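Comments concern the structure below.
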There are 2 protein chains.
Amino acid sequence: MTALALFAENGVHGTSLQQIADRLGVAKATVYHQFATKDALIEAVVQPAVESLGVLLAAAEPITDRGEQVEVLLNGLVDLVINGRELSAVTHGDPGVAALLGSNPILRGHGERVLGLLLGPDPSPSRRVAVSMFNAGLMLSGTDPMVAGLPDEDLRQELLAGARRLLAED
Amino acid sequence: MTALALFAENGVHGTSLQQIADRLGVAKATVYHQFATKDALIEAVVQPAVESLGVLLAAAEPITDRGEQVEVLLNGLVDLVINGRELSAVTHGDPGVAALLGSNPILRGHGERVLGLLLGPDPSPSRRVAVSMFNAGLMLSGTDPMVAGLPDEDLRQELLAGARRLLAED
DNA sequence: GTCTATAAATTGATAGAC
DNA sequence: GTCTATCAATTTATAGAC
């Protein structure tokens, strides 16, 4: 999707349908023919990642061994970021987007389930901060120019290594 | 500054001068009397942090012992986040803001100096990713609702602990 | 310094021809 | 399906009275 690139560049609020239409080389009304509203377009951009996240959660939640569960989750989350470097930054960047996505009950539920699994039962303040840092760090590193040149596989392994250091169970 | 709270809530692009004026209880023209443009207002909001960062850099850069230098820098950066939880999220959240701040040569320079010190000489890909994760994690954790309830001093220590785990020198 | 009023441009969104 | 034309609302920003 072309809209995603613009969202990543200028933020969702900073991207007008006119800009999207211009870059697509079509008229603004053409965009409105496919998406009823701007919010619908945003949701369409986000949807594939939401579904992937749902699959990952369904796979991780039944795992009873805590260490293995976290490991599966971390691997899956890193893969999601690698497969869509731009998207993750968009969803975590603009506070306005966070509010809009928070109104989507499915995505909201997924976010809470991910955090619930990472936090574990009865999380300490220490773990809360570690999970928070991991969450932000993972999502925004995907588009950080500082690591933009790294091949996918290298970035994958380094993100995993960082996550393990940050989230090492006490 | 009242504008900061709104920026943190809705993003910079998502906050109009009308909203700012309304919350301040004054007319829009009154805001324009103090700040020539919206960009000038944004820069004014950011400026105190820029100056603090400059002081921190001036203190850290002359330190010759590498371990001590990083330690001073981490402590200072965490303090900056604690002292302005909202601001750091604003500056790192909206991609549009990042672009605007990137056009400010002073802030741009400060950012590069911080990263340069954290990366150290001839940084490995591994270190680049770790620094990137730390950077994003530190800045966005300041406003994460998950840690919003923590007292400043607790958050301070936990952020430092996370930073040290993430950035432990090889 | 603060206000009302307004300008000029852009926004999200719609109507209707082809 | 894509276009031109247009709507009402909102945006940044300015002019000028008090």
Side-chain angles (χ1 to χ4, degrees), chain A residues 1-50 86-87 89-108, chain B residues 1-48 50 86-87 89-91 93-105 107:
Chain A
M1 201 76 74
T2 310
L4 176 57
L6 280 166
F7 287 161
E9 283 175 37
N10 311 105
V12 174
H13 263 129
T15 304
S16 70
L17 290 189
Q18 189 67 258
Q19 289 176 284
I20 295 173
D22 285 353
R23 186 169 294 193
L24 274 161
V26 300
K28 195 168 46 167
T30 305
V31 178
Y32 272 103
H33 182 78
Q34 293 197 358
F35 306 99
T37 66
K38 188 183 181 183
D39 284 3
L41 190 156
I42 297 172
E43 285 189 21
V45 166
V46 170
Q47 195 190 9
V50 176
E86 288 176 318
L87 178 58
V90 168
T91 58
H92 275 69
D94 198 326
V97 181
L100 190 147
L101 296 182
S103 71
N104 177 332
I106 299 172
L107 186 48
R108 206 177 126 82
Chain B
M1 203 74 74
T2 309
L4 177 55
L6 280 166
F7 286 162
E9 282 174 38
N10 312 103
V12 174
H13 264 129
T15 304
S16 71
L17 291 188
Q18 188 66 260
Q19 289 176 284
I20 295 173
D22 285 352
R23 186 169 294 194
L24 274 160
V26 299
K28 198 169 39 170
T30 306
V31 178
Y32 273 105
H33 182 78
Q34 293 196 0
F35 306 98
T37 66
K38 188 182 181 183
D39 284 4
L41 190 157
I42 297 171
E43 285 190 21
V45 166
V46 170
Q47 195 190 8
V50 176
E86 288 176 318
L87 178 59
V90 169
T91 57
D94 197 327
V97 181
L100 190 147
L101 297 181
S103 70
N104 177 331
L107 185 49

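Reminder, nothing fancy here: chain letters follow the sequence lines and each chain counts from 1. Quick caveat: nothing in here was measured; it's all calculated off a predicted structure.
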(request) Let me know the distance between CZ of F35(B) and P of dT11(D), rounded to the nearest Å. (result) 19 Å
(message) Do V50(A) and N104(A) have side chains that approach each other closer than 4.5 Å (heavy atoms only, starting at C-beta)?
(response) no
(request) Measure the distance from OH on Y32(B) to P on dT14(D) and round it to the nearest whole Å. (result) 7 Å
(request) Please identify each residue that fulfils side chain to side chain donor-acceptor pair (under 3.5 Å) with Q47(A), with sequence neighbours left out. (result) E51(A)
(message) Please report the interatomic distance CZ(R108(A)) to OG(S103(A)), rounded to the nearest 0.5 Å.
(response) 9.5 Å
(request) Could you tell me which residues satisfy side chain to side chain contact (heavy atoms under 4.5 Å, CB included) with D39(A), sequence neighbours excluded, listed by chain and number? (result) T37(A), I42(A), L100(A)
(request) Identify, with sequence neighbours excluded, every residue that meets side chain to side chain contact (heavy atoms under 4.5 Å, CB included) alongside T91(B). (result) V46(B), L87(B), L101(B)
(request) Mind running a 4.0 Å heavy-atom check of residues 23-31 of chain A against DNA chain C and sending the residues that fall below it, in number order? (result) K28(A), A29(A)
(message) Does any part of the side chain of F7(B), heavy atoms only, come nearer than 4.5 Å to the side chain of I20(B), both counted from C-beta?
(response) yes
(message) At a heavy-atom distance below 4.0 Å, which nucleotide of DNA chain C is the first touched by chain A, and which is the last?
(response) dT11(C) to dA15(C)
(request) Describe, as an angle rounded to 10 degrees, how the axis at the first end of the helix from dG1(C)-dC18(D) to dC18(C)-dG1(D) is tilted relative to the axis at the last end, five pairs per end. (result) 0°
(request) Could you identify which residues of residues 37-48 of chain A place a heavy atom less than 4.0 Å from some atom of DNA chain D, listed by residue number, or say none? (result) none
(request) Please check if the side chain of T30(B) supplies one atom and the backbone of V26(B) the other of a donor-acceptor pair under 3.5 Å. (result) no
(message) Please enumerate all residues that pass side chain to side chain contact (heavy atoms under 4.5 Å, CB included) together with R23(A), with sequence neighbours excluded.
(response) T2(A), A5(A), L6(A), E9(A)
(request) Go through residues 8-21 of chain A and report each residue with a non-hydrogen atom lying under 4.0 Å from DNA chain D, sorted by number. (result) none
(message) Restricting to non-hydrogen atoms, name the atom on K38(B) and the atom on T15(B) that form the minimum distance, rounded to 0.1 Å.
(response) NZ-O, 2.8 Å
(message) Would V12(B) and V45(B) count as a side chain to side chain contact (heavy atoms under 4.5 Å, CB included) here? Give the steps.
(response) CA-CA 11 Å; V12(B) 174; V45(B) 166; over 6 Å; no
(message) For A44(A) versus F35(A), what's the shortest heavy-atom pair and its separation?
(response) CB-CE2, 3.6 Å
(message) Measuring from atom CG of N10(A) to atom CD of Q19(A), what distance do you get when rounded to the nearest 0.5 angstrom?
(response) 5.5 Å
(message) For Q34(B), give me all partners under side chain to side chain contact (heavy atoms under 4.5 Å, CB included), at least two apart in sequence or on another chain.
(response) none
